[in-house]
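Structure first, then comments.
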Amino acid sequence: MEAEHIEIAEFIGRYPPFSFLPQDALYSVASAIEISYYRQGADVYCFGDEIHDFCFIRSGSVEIYRRNGHLYNRLSVGDVFGQLGLLMKNRVRLPARALEDSLIYFVPEALFNELCDNFDEFAYFVEVDDKRKLNKEVQQQQEDNALSSVKVGALIARAPVMISTQASVRQAAQIMTEESVSSLLIIEQITSFEDGGEERKKLVGILTDRDLRTRVVSQGIDLETPVTEVMTSSPKTLDKETYVFEAMLMMLRFNLHHLPIIEHGSPIGVIAISDIVRHESKNSLYIVGLIHRQQTLAELALVANDVPACFVRMVGQESSAHIIGSAMSVIGRSFKQRLCELAEEKLGPPPVPYCFLALGSMARDEQLLITDQDNALILSDDYEASKHGDYFESLAEFVSEGLDRCGYPYCSGRIMATNPRWRKTLSEWRTCFADWIDVPNPDALLNCSVFFDLEGVWGNVAWADDLYQFIVNRAQKTPKFLASLARNALLRTPPLGFFKEFVMEQDGAHRRTINLKRRGTAPLVDVIRVHALAIGSRARNSSERLEDVIESGILPDKRGQELKYALEYLAMVRIRHQAEDVESGEEVDNTIEPDKLSDIERRNLKEAFNVLSSSQRFLKYRYPFS
């Protein structure tokens, strides 16, 4: 082999997709390559030209255009182009022009097809659409994850044991004993005229072993009492097509031990926590259970030590970002709930009703390991500072100190209930949010990015839902606010330079790194929040907001799915990095080193950032600021 071919093989072997090839294949490519030189401004390909080569940029740079003349992409040394034309009847669909004097390597079509046939990674890299590669990566993660692919119907081990509403407590207990079950469904037969007059079973309640202990035996209730007087009425249910992870989250949130499963409105079985445990979620369930059983702050702090290991195990089980974020948020809310309980035990019952709020990522079900505490208090309109202020100040201090000891550090911006500014009555919160929306100055917009993601975790939680509905209604009707919020969502841009290379920190402890939260997931969350408020979505989770946005039809074709996959991919890269930090004993952070990623990971990361960039550009069009 000639020295020139060896040098070419060595050079192209540094860049994907050629970096995936073995040495003999690289030599074959180097021997077959043809070289052409293009001066600045010269057309490499025009629209409709025949194309029979796969192109590699040896030096210089090339711009790729759409048919309408708009810039589509800008490529530099090591980038490839032309595969779209080769795979689409050998006609150029995206014209290419030299941005500067450039040297191009041309790989003949026959050899290109041979490489695609023989080397899967090469073929994967040159698929027609970069976004398909990113989508495929995310879809593969979801298909590999049992919790997000198994539906609750698959967990049902037997038909449900049921009894009519006419039965007594004694009859219910006898049936539970005979059938060796810990729960019994209470049903009534109804005739549905819509189904041709056929009878079907309507679930009206559930009776469990725990109910028999706490509502019958311990209370000395007559065993001939109708079962309807001791059952849990209108129990939570799930359709059999619901995914296991959704069942897990419902049971965690409402502290349920038994969950009826229905099909076409009728019960077909019951799943218990033990069924969920068998599907790889025992770690988060176990920790939540432990949290609610601890009696002191010191005991809670010990439980908190297990949270990072739980996080790592979920990552190892290949759970999705949505599942991990939801589980970690449930754990965080559980700490707050138990701390509020302990505070009330110490301070006595609250003098007026209140609601303790979770804000930010915890409210969105997107919490990971690196987080501070963002919280606030809604107080009854009967609150009087002179009479009740000391109590709620003490409660806030107790909960915030407890959260700090449990791994949720104090917020550097003092967005905590310990700050008197964030202890307001329900009416005062309404006025506050109305002012922020009506007069969207920089401070108001900064507060909105945190306070617009809220959820009640303790006390009168219905106030939080009412307040959130107020926010959504007012924001949707205020175009000026939406435009301001959209402009604010453009402040954090993806870390891609002029030639779509990563822009990384240049000095300091984080040299050659990218903060994936600040430059990736957080800007995407901001973009999605604007659209969600604009359509009046009541969802708080970014994925759920995005589903509402997609359904509304306000996004260009396929843009919603691109955003969905980009959000999941960026979150998973961040999650895996945090898990690696835990396992290596390093301080957990949000900064990744692109140089340590594989070629495919780097390319997918760039594509996710490209999706973020285009979504930010669309904000300017959709919500013009005047």
Could you tell me whether the side chain of Thr214 and the main chain of Arg210 form a donor-acceptor pair under 3.5 Å? yes
Hey, would you say the Tyr354 and Phe392 ring centroids sit under 6.0 Å apart? yes
Measuring only between side-chain heavy atoms, which start at C-beta, is Ile175 closer than 4.5 Å to Val161? yes
Tell me if a side-chain donor or acceptor on Ser319 pairs with a main-chain N or O of Met314 at a distance below 3.5 Å. yes
When rounded to the nearest 0.5 angstrom, what is the spacing between OG1 in Thr242 and CD1 in Ile271? 9.0 Å
Let's go through His531 and Ile554 carefully: what are the C-alpha distance in whole Å and the side-chain angles of both, what is the deciding distance for side-chain contact (heavy atoms from CB on, under 4.5 Å) to 0.1 Å, and is it a yes or a no? CA-CA 8 Å; His531 291 311; Ile554 67 171; 3.8 Å; yes
Salt bridge or not for Lys564 and Glu547, using N-O below 4.0 Å? yes
Is there a ring pair (Phe, Tyr, Trp, His ring centres under 6.0 Å) between Phe451 and Trp429? Walk through the geometry before answering. CA-CA 10 Å; Phe451 285 90; Trp429 276 116; 5.7 Å; yes
Between Arg529 and Asp453, is the closest basic N to carboxylate O distance under 4.0 Å? yes
Between Arg313 and Asp306, does at least one N-O distance fall below 4.0 Å, as a salt bridge requires? no
Are Ser320 and Glu568 close enough that some pair of their side-chain heavy atoms sits under 4.5 Å apart? yes
Face-on cation placement of Arg538 at Tyr468 ring, 6.0 Å and 45° thresholds: no
Is it true that Arg540 and Asp465 make a salt bridge, defined as a side-chain N closer than 4.0 Å to a carboxylate O? yes
Asp211 side chain to Thr208 main-chain N or O, any donor-acceptor pair under 3.5 Å? yes
Does atom CD of Glu551 have more than 12 heavy-atom neighbours from other groups under 6.0 Å away? no
For Ser326, is there any backbone N or O sitting under 3.5 Å from a side-chain donor or acceptor partner on Glu366? no
Do Pro267 and Ile187 come close enough that some side-chain heavy atom pair is under 4.5 Å? yes
Which pair of non-hydrogen atoms, one from Ala321 and one from Ala571, has the smallest distance, and what is that distance? CB-CB, 3.6 Å
Return yes if some donor-acceptor pair links the side-chain N/O of Ser218 with the main-chain N/O of Arg213 below 3.5 Å, else return no. yes
Which atom pair, heavy atoms only, marks the closest approach of Ala172 to Leu207? CB-CD2, 3.7 Å
Close side-chain approach of Ile291 and Ile331, heavy atoms under 4.5 Å: yes
Working to the nearest 0.5 angstrom, can you tell me the gap between Ile186 CD1 and Ser233 OG? 9.5 Å
Do Arg158 side-chain atoms and Gly269 backbone N/O form a donor-acceptor pair below 3.5 Å? no
If we ignore hydrogens and angles and just use 3.5 Å, is the side chain of Thr371 paired with the main-chain N or O of Leu368 as donor and acceptor? no
Under a 4.5 Å cut-off applied to non-hydrogen side-chain atoms, are Trp458 and Glu341 in contact? yes
Between Thr478 and Arg474, is there a donor-acceptor pair closer than 3.5 Å when you use the side chain of the first and the backbone of the second? yes
Take Cys340 and Phe398, measure what side-chain contact (heavy atoms from CB on, under 4.5 Å) needs, and give me the verdict at the end. CA-CA 8 Å; Cys340 285; Phe398 182 93; over 6 Å; no
Walk me through it: do Val315 and Val312 pass the test side-chain contact (heavy atoms from CB on, under 4.5 Å)? CA-CA 5 Å; Val315 176; Val312 170; 5.6 Å; no
When every non-hydrogen atom of Leu524 is compared with those of Leu563, the smallest separation belongs to CD2-CD2, 3.3 Å
Answer whether the closest heavy-atom distance between the side chains of Ile378 and Lys424 falls below 4.5 Å. no
For Ser164 and Glu188, test the side chains for any donor-to-acceptor distance below 3.5 angstrom and give the result as yes or no. no
Is there a donor-acceptor pair under 3.5 Å between the side chain of His388 and the backbone N or O of Glu384? yes
Looking at CG of Leu347 and CD of Glu393, how far apart are the two atoms once the value is rounded to the nearest 0.5 Å? 11.0 Å
Establish, from distance only, whether the side-chain atoms of Ser427 and Asp381 form a donor-acceptor pair under 3.5 Å. yes
Can you tell me how far apart CG (Leu297) and CG (Leu403) are? Round to the nearest 0.5 Å. 9.5 Å
Anything under 30° is parallel, anything over 60° is perpendicular, the rest tilted; go ahead and classify Phe481 against Phe452. tilted
Please find the pair of heavy atoms, one from Asp372 and one from Ser412, that lie closest to each other, and give the distance. OD2-N, 4.1 Å
pair Ile163-Gln171: side-chain heavy atoms closer than 4.5 Å: yes
Looking at Lys201, is its backbone amide N or carbonyl O close enough to the side chain of Ser266 to form a donor-acceptor pair, meaning the two atoms are under 3.5 Å apart? yes
To the nearest 0.5 Å, tell me how far Ser329 OG sits from Asp365 CG. 4.5 Å
Less than 4.0 angstrom from a charged side-chain N to a carboxylate O is my criterion; do Arg333 and Glu455 meet it? yes
Side-chain contact, heavy-atom cut-off 4.5 Å: Asn447 with Trp422? yes
Candidate pair Leu567 and Ile528, rule side-chain contact (heavy atoms from CB on, under 4.5 Å), full reasoning: CA-CA 10 Å; Leu567 179 67; Ile528 294 168; 4.0 Å; yes
Residues Cys411 and Asp374: closest non-hydrogen pair is SG-OD1, 3.4 Å
Sidechain N-carboxylate O distance under 4.0 Å for Glu299, Arg338: no
CD of Glu263 to CD1 of Ile268, rounded to nearest 0.5 Å, is 5.0 Å
Measure across Glu344 and Tyr391 and return the closest heavy-atom pair with its distance rounded to 0.1 Å. CG-OH, 3.8 Å
